[in-house]
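Okay, so here's the structure we're looking at.
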Amino acid sequence: MFTFKKRKQSESLDKIPAHIGIIMDGNGRWAKKRMQPRVFGHKAGMDALQEVTIAASGLGVKVLTVYAFSTENWSRPEDEVKFIMNLPVEFFDKYVPELHKNNVRVQIIGETSRLPQATFDAMERAREKTKHNSGLILNFALNYGGRAEITNAVKLIAQDVLDAKLNPGDITEDLIASYLMTNNLPYLYRDPDLIIRTSGELRLSNFLPWQSAYSEFYFTPVLWPDFKKDELIKAIAEYNHRHRRFGGV
Ligand code: FPP
């Protein structure tokens, strides 16, 4: 059982969600409040992500899937997109060494073939460097969109039926899940137990729509750069008060 000094009894953390998904929202507003350009918020967001990853790893979380860039984010101003696409390069140099020391394994989901080459290469280097680590999996959703993921899975399944590798009768929920991008995760941890969204927005925004069917949701007004270890603990404490029934009673 995990308890923390000075925490109320009601905040004991008996159940640690194995897979947490995070929609890291509010970087732009955080920067604006400080009269800084939006990219300043994304930089601070990287620091928050590092702290939350290491805290989650210490608490025994197995997978952290973070929404870093959606397929819709390309419509942002060109300079901002360029900046975000350069973050993985900085991520590799500045953040990966500490993650590696903490036994964190970096993985990635999304339409990675459409990323700029340098972005793709930096993420690949992070994946390659940490691939033998056995601790928390930090799973980046980068150029990810949930409906596109499901559409792609349907195409692959249809093709396998056409090629007589599969009968329509073989199509089960488990089979569909095996065609989704989260098939890069250990079987037991493919679906998030808890999804956190910061900055007061109450939407899923195309983040893991299939995988979140039974997830618990935690929304907080805290802007992502301010979401640190204590906020993660609050979210997990709230999760501990939920009764997950998976459709049962
Ligand atoms: C949402 O805030 C945040 C993003 C679109 C980018 C988040 C990315 C990171 C924190 C770093 C990711 C790290 C790597 C290595 C790729 P927003 O800009 O929508 O904020 P706003 O809603 O206040 O405008």
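One is the number of the first residue; the rest follow in order along the sequence. Because the structure is a prediction, the values reported are computed rather than measured. Both counts, for ligands and for their atoms, begin at 1 and track the order of listing.
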Does a side chain donor of either [X] or [Y] reach within less than 3.5 Å of an acceptor in the other side chain?
| X | Y | answer |
| --- | --- | --- |
| H19 | D191 | no |
| W74 | N143 | yes |
| S199 | R29 | yes |
| D121 | Q117 | yes |

So, [X] and [Y], do they make that salt bridge, N to O below 4.0 Å?
| X | Y | value |
| --- | --- | --- |
| K228 | E231 | no |
| E124 | K131 | no |
| R242 | E238 | yes |

Below 3.5 angstrom, do we get any N/O pair linking [X] and ligand 1?
| X | answer |
| --- | --- |
| G28 | yes |
| W30 | no |
| N27 | yes |

Where does [X] meet ligand 1, judged by heavy-atom distances below 4.0 Å: at the side chain, the backbone, both, or neither?
| X | value |
| --- | --- |
| E90 | neither |
| F140 | side chain |
| K32 | neither |

Of the protein's non-hydrogen atoms, which lies at the shortest distance from [atom], and what is that distance?
| atom | result |
| --- | --- |
| atom 6 (C) of ligand 1 | A68 O, 3.4 Å |
| atom 9 (C) of ligand 1 | M24 CE, 3.8 Å |
| atom 13 (C) of ligand 1 | M46 SD, 3.4 Å |
| atom 22 (O) of ligand 1 | R29 NH2, 2.9 Å |

Verdict with reasoning, L64 to N139, per side-chain contact (heavy atoms from CB on, under 4.5 Å): CA-CA 6 Å; L64 204 57; N139 191 33; over 6 Å; no

At the 4.0 Å heavy-atom cut-off, does G26 count as touching ligand 1? yes

Which option, R76, E80, H42, R38, owns the non-hydrogen atom nearest atom 19 (O) of ligand 1?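 Ranked by closest heavy atom to atom 19 (O) of ligand 1, first place is R76.
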
Within ligand 1, which atoms have a heavy atom of L87 less than 4.0 Å away?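 What qualifies from ligand 1 is 11 (C).
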
Between Y67 and F140, is the gap from one ring center to the other below 6.0 Å? no

